[in-house]
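Since the structure comes first, as structure tokens, the remarks are kept for the end.
Letters A, B, ... mirror the listed sequences (proteins, then strands); counts begin at 1. Values below: every heavy atom of this structure, side chains too, minus hydrogens, waters and symmetry copies.
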Number of protein chains: 2
Amino acid sequence: MPNAVPLNQDISLTVIKTACSNCNLRELCLPYGLDLEELERLDDLISTRRRIKRGDHLYRAGEPFDSIYAIRSGFFKTDVLLEDGRDQVTGFQMAGELLGLDGISTEHHTCNAIALEDSEICSIPFSKLESLSREIHNLQHHFHKVMSREIVRDHGVMMLLGTMRAEERLAAFLLNLSQRFTARGFSHAEFYLRMTREEIGSYLGLKLETVSRAFSRFQEEGHIAVQQKHIRILNVNGLKALMSQRT
Amino acid sequence: MPNAVPLNQDISLTVIKTACSNCNLRELCLPYGLDLEELERLDDLISTRRRIKRGDHLYRAGEPFDSIYAIRSGFFKTDVLLEDGRDQVTGFQMAGELLGLDGISTEHHTCNAIALEDSEICSIPFSKLESLSREIHNLQHHFHKVMSREIVRDHGVMMLLGTMRAEERLAAFLLNLSQRFTARGFSHAEFYLRMTREEIGSYLGLKLETVSRAFSRFQEEGHIAVQQKHIRILNVNGLKALMSQRT
DNA sequence: CACACCAGTTGACATGGATCAAGCTGAAGC
DNA sequence: GCTTCAGCTTGATCCATGTCAACTGGTGTG
């Protein structure tokens, strides 16, 4: 059975040196659109690479901000906590995506970033990134696009939370994951969820029982095959149709 | 009775020239933290100022993006439409705030920006802003903070939509408005809502009837006085308390 | 290998907010 | 001043999702 998600070993064998210029994610990540000389200048910036074990925090809300992080391999969630203990998962991030953009605003992180599997990240000191992007137009512009994309993504989540019913939310979630796995060269139809039902629920504004029931329902209707965290999408159009069906 | 919200006339009398350097919003808006010489260079960039009548679009989803906009006076909403007609208000923006950041990502606007009262905006051509912020470190950094702040704000809305009950959402909304009016030198306790109950509902993920009932309830309990769109906050702590009370 | 435990599933019931429906109110137009 | 209409309020009812509870299965550990 093919494995839809990268195992850490695969990556750590192919990427020996910490360098954007030989990272296989460069077309997804910050270096997008840079020429070779520019890439090498970006390499100088990214000195540290760090492993984060499953369950560990990359950063916590309230900590001082000085770097953003690019995910080289693995899977993260970010969440925000309210004083009374309620929490909201604000996103799931995978290889090639950036973490920590929320910290620029106040110079302190405003959410927690937690590894959902053993992961590897590149630290990018933010003030150095700003310096370099004053010199490299392409880098500046692409960084702005990345921040803007995050804003657009958030609007999508607001739409989801504000107007969709439970099954629509879950369908949208699965289709989004599928599309992001595809962009990374993995199967669009088969993957392992790295997060629990509770974390999915938190992200989608639902309780875990509701998520579980929706999974069962999708399975009964032949849209997907679920076996614990292993998901196979059997009928993409069925899922898409679910999303626009009103009541 | 004091008017908590600026009337257009007031502003247009005091601000004669289109220039950040003599705009009374400069401490809230993009020019924050710039010295005099830098301010003047920013002035050169902001050539056009435009009036938008109540109900008119500043931009529409799908239109090509080339500028971001600073609100000089007035009040806007942004919303996203789904194919099936559902829509979600993603934010309400007031003087000193920026509109259009969502367009950087794809070079097309991804939402609609609509004036909720007669308003005035400054257009800031984005490529020029990028050039200038390659030269003015402070401008670059502040722009990054503004984008990041938008991401943090969106996380707050996700929290609200994902975990709060109706009355908590409305209390959070009122407190947020109050705080933003205060930052602009208006009364924190008394203001006019520029949006309908339906628009509030869309933003908060509720139906207009639910919003209306929550207003009535707040009034019964003495937290606020509501008369149509005129709101007086009588008990800030009461509203704050509502937000953390679980079930 | 057995045990413990956590994640997930499923069922029964409760409820917050949606929906449907009827009236009310205040501002704008004639 | 009267009419009209969009926006708002309020009541009655319904339903999607939450809550509570019991059970199941898979995983890791001693």
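A salt bridge links B:Arg86 with A:Glu168: at least one charged nitrogen is closer than 4.0 Å to a carboxylate oxygen. Salt bridge annotation for B:Arg217-B:Glu221: present, with a cationic side-chain nitrogen under 4.0 angstrom from a carboxylate oxygen. For the pair B:Glu97 and B:Arg184, the salt-bridge criterion is met [side-chain N within less than 4.0 Å of a carboxylate O].
Near-neighbour residues of DNA chain C inside residues 205-217 of chain A, defined by a heavy atom below 4.0 Å, number-ordered: A:Leu208, A:Glu209, A:Ser212, A:Arg213, A:Ser216.
Expressed to the nearest 0.5 Å, how far OH of A:Tyr59 lies from OG1 of A:Thr110 amounts to 7.5 Å.
Across the protein-nucleic acid pair, A:Glu198 atom CD and D:dT19 atom P stand 12 Å apart, rounded to whole Å. Between A:Ile200 atom CD1 and C:dT9 atom C1' there is a gap of 14 Å when expressed in whole angstrom units. Straight-line distance from the CZ atom of A:Arg86 to the P atom of D:dT19: 11 Å, rounded to whole Å. Atoms CD1 (B:Ile231) and P (D:dC8) sit 10 Å apart, rounded to a whole Å. Spacing between atom NZ of A:Lys229 and atom P of C:dA7 amounts to 8 Å, rounded to whole angstrom units.
Between B:Phe65 and B:His109, the gap from one ring centroid to the other is short of 6.0 Å. When ring centroids are compared, B:Tyr203 and B:Phe92 come within the 6.0 Å threshold.
Each of A:Arg169 and A:Gln228 was assigned the nucleotide of DNA chain D with the nearest heavy atom; the assignment lying further toward the 5' end belongs to A:Arg169.
Listed candidates were D:dC8, C:dG17, C:dA7. Nearest to the side chain of B:Thr196 is D:dC8.
In summary, of the residues considered (B:Lys229, B:Arg194, B:Lys77), a salt bridge (Lys or Arg N to Asp or Glu O under 4.0 Å) with B:Glu199 occurs for B:Lys77 alone. The residue from B:Arg72, B:Arg49, B:Lys53 that alone fulfils the salt bridge (Lys or Arg N to Asp or Glu O under 4.0 Å) condition with B:Glu120 is B:Arg49.
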Taking N or O atoms only and anything under 3.5 Å, show me the protein contacts with nucleotides 27-30 of chain D, one pair per line.
none

